[in-house]
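Notes follow the structure.
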Amino acid sequence: MHHEQPTSVAEAERIQEQLKQRLDLDTHLGTNPTLVAGVDVSYDKFSPRITAAAVVIDVTTREEVESAVVHGEVSFPYVPGLLAFREVPILLEALGTLGCRPEVVVCDGYGIAHPRRFGLACHLGVVTERPTFGVAKTPFVGTYDQPGRRRGDWSPLCDGDEVLGRVLRTQTDVKPVFVSAGHRTNLDEATSLTLDLSPRYRLPEVIRRADFLSREALRRSED
DNA sequence: GCGACAG
DNA sequence: ATCTTGTCGC
């Protein structure tokens with residue numbers, strides 16, 4: 001699986017605009033998915049080495065079905081708003097290594113709640129032509145009121161009249177997460193699935209596992 | 001103009 | 001993202 005590698009911020013912004021034209025926010029899952037994947041990337045502090053992990057679980061049984069780990073190197077600097085160019089290449093490799101086809105991919109970051117309405121989840125969704133959405137841990141763009149304190153409570157993440165996502169409480173009295181649609185999913189599905197995937201902790205189980213997997217694999221690969 | 005800014 | 005110990009609470 002290959003992907004365009006921009007060599008400048010200006011070039012990345014052009015590619016981003018091109019990909020955005022393929023974004024589909026009208027279609028949605030329509031039915032409860034069975035196979036759900038979560039992806040994440042870990043970075044080495046002193047080298048360009050990175051490791052990506054993709055974890056697939058069966059939502060009905062909550063059992064892990066499969067996982068994949070891939071090692072690589074960063075090919076683009078971190079620029080707020082252009083995170084996808086840093087992570088999508090290796091995420092494609094990780095997803096391509098899986099033997100199954102997850103019905104939706106949960107990303108560690110934002111979807112359309114992005115400066116130009118095309119965050120990591122949108123980018124990965126368009127490139128893979130798969131349904132995706134994002135679950136972020138910290139605020140990025142948009143304004144919001146603090147949601148209620150109970151699990152399931154949420155408040156809209158907005159920019160003026162535009163609704164960008166939801167600030168969702170996945171655990172009672174625990175800091176909320178920021179959910180936004182990526183590609184071929186809507187906010188209701190993303191919210192519902194995020195809650196289903198977070199029965200015990202703040203973050204969706206697939207994201208937690210992908211985080212642990214990538215972090216440990218990177219650490220173990222150090223010389 | 002200056003600072004802030006997913007991971 | 002990554003660097004990091006203890007500590008408070010269930």
Side-chain angles (χ1 to χ4, degrees), chain A residues 6 9 12-13 16 19-20 23 38-55 69-95 105-127 132-144 149-151 157-159 164-168 170-183 187 190 194 199-204 206-222:
Chain A
V9 166
E13 288 172 336
Q16 187 173 73
L19 292 173
K20 181 179 175 180
L23 185 61
V39 293
D40 191 31
V41 179
S42 287
Y43 297 76
D44 185 88
K45 186 190 177 186
F46 296 111
S47 82
R49 290 190 51 69
I50 56 178
T51 300
V55 174
V69 173
V70 174
H71 297 290
E73 296 194 343
V74 281
S75 55
F76 199 79
Y78 172 67
V79 178
L82 297 176
L83 174 67
F85 292 94
R86 215 170 144 73
E87 306 201 334
V88 165
I90 195 166
L91 289 180
L92 289 178
E93 287 188 44
L95 289 171
V105 178
V106 187
C107 301
D108 188 12
Y110 285 92
I112 63 171
H114 173 278
R116 292 174 295 281
R117 309 295 181 258
F118 198 74
L120 172 66
C122 299
H123 194 130
L124 186 65
V126 166
V127 170
T132 59
F133 67 86
V135 177
K137 302 180 288 296
T138 62
F140 186 28
V141 293
T143 59
Y144 60 93
R149 57 179 289 270
R150 301 198 317 168
R151 167 179 157 84
L157 176 62
C158 308
D159 183 359
L164 303 177
R166 286 176 186 169
V167 183
L168 174 68
T170 52
Q171 295 297 321
T172 298
D173 287 331
V174 168
K175 187 201 299 185
V177 296
F178 301 79
V179 179
S180 54
H183 185 57
L187 261 181
T194 295
R200 169 108 210 262
Y201 300 101
R202 178 163 90 117
L203 295 176
V206 284
I207 292 296
R208 300 184 72 241
R209 296 191 196 190
D211 178 68
F212 293 148
L213 245 190
S214 62
R215 192 191 309 280
E216 287 315 299
L218 174 62
R219 190 180 62 72
R220 288 181 49 205
S221 73
E222 291 171 344

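Keep in mind that this is a model prediction, so the values were computed, not measured. Residue numbering restarts at 1 for every chain, and letters A, B, ... go by the order of the sequence lines.
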message: For a 4.0 angstrom threshold against heavy atoms of chain A, report the outermost contacting nucleotides of DNA chain C in 5' to 3' order.
response: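 Listing 5' to 3', DNA chain C meets chain A from C:dA1 to C:dC3.
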
Just checking [X]: base, sugar-phosphate only, or nothing, at a heavy-atom cut-off of under 4.0 Å?
X: A:R219; result: nothing
X: A:P115; result: nothing
X: A:G134; result: nothing
X: A:L82; result: base
X: A:Y43; result: sugar-phosphate
X: A:D44; result: nothing

Tell me the closest heavy-atom pair linking [X] and [Y], and the distance in Å.
X: A:I112; Y: A:G182; result: CG2-O, 4.3 Å
X: A:L120; Y: A:A84; result: CD1-CA, 3.8 Å
X: A:L23; Y: A:R117; result: CD2-O, 4.1 Å
X: A:T132; Y: A:C122; result: OG1-N, 4.4 Å

What I'd like to find out is whether the side chain of [X] reaches to under 4.5 Å of the side chain of [Y], using heavy atoms alone.
X: A:C107; Y: A:F133; answer: no
X: A:L157; Y: A:T143; answer: no
X: A:F76; Y: A:P6; answer: yes

- prompt: Yes or no on side chain to side chain contact (heavy atoms under 4.5 Å, CB included) for A:E87 and A:V41, after CA distance, side-chain angles and deciding distance?
  reply: CA-CA 7 Å; A:E87 306 201 334; A:V41 179; 3.7 Å; yes

field: Non-neighbouring partners of A:E216 that pass side chain to side chain donor-acceptor pair (under 3.5 Å), sequence neighbours left out
entry: A:R219

query: With sequence neighbours excluded, what pairs up with A:D40 under the side chain to side chain donor-acceptor pair (under 3.5 Å) test?
result: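 With neighbours one apart ignored, the set is empty.
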
- prompt: Can A:F85 and A:H123 be said to form a ring pair (Phe, Tyr, Trp, His ring centres under 6.0 Å), step by step?
  reply: CA-CA 9 Å; A:F85 292 94; A:H123 194 130; 5.0 Å; yes

Aromatic ring pairing A:F140/A:Y110, orientation class (parallel under 30°, perpendicular over 60°, tilted between):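 Answer is tilted, since the angle falls between 30° and 60°.
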
query: Is it true that A:D108 and A:R208 make a salt bridge, defined as a side-chain N closer than 4.0 Å to a carboxylate O?
result: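 No, no charged N to carboxylate O under 4.0 Å.
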
message: Just to be sure I follow the notation: if a pair is Watson-Crick (purine N1 to pyrimidine N3 plus N6-O4 or O6-N4) or a G-U wobble (N1-O2 and O6-N3), each under 3.5 Å, what dot-bracket string does DNA chain B give, with | for pairs to another strand?
response: .......

statement: Listing for DNA chain C: consecutive Watson-Crick or G-U pair runs of at least 3, distance cutoff 3.5 Å, ranges ordered by first number, gives none

- request: Walk along DNA chain B from 5' to 3' and tell me the first and last nucleotide with an atom closer than 4.0 Å to a non-hydrogen atom of chain A.
  value: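 Listed 5' to 3', the contact boundaries are B:dC5 to B:dG7.
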
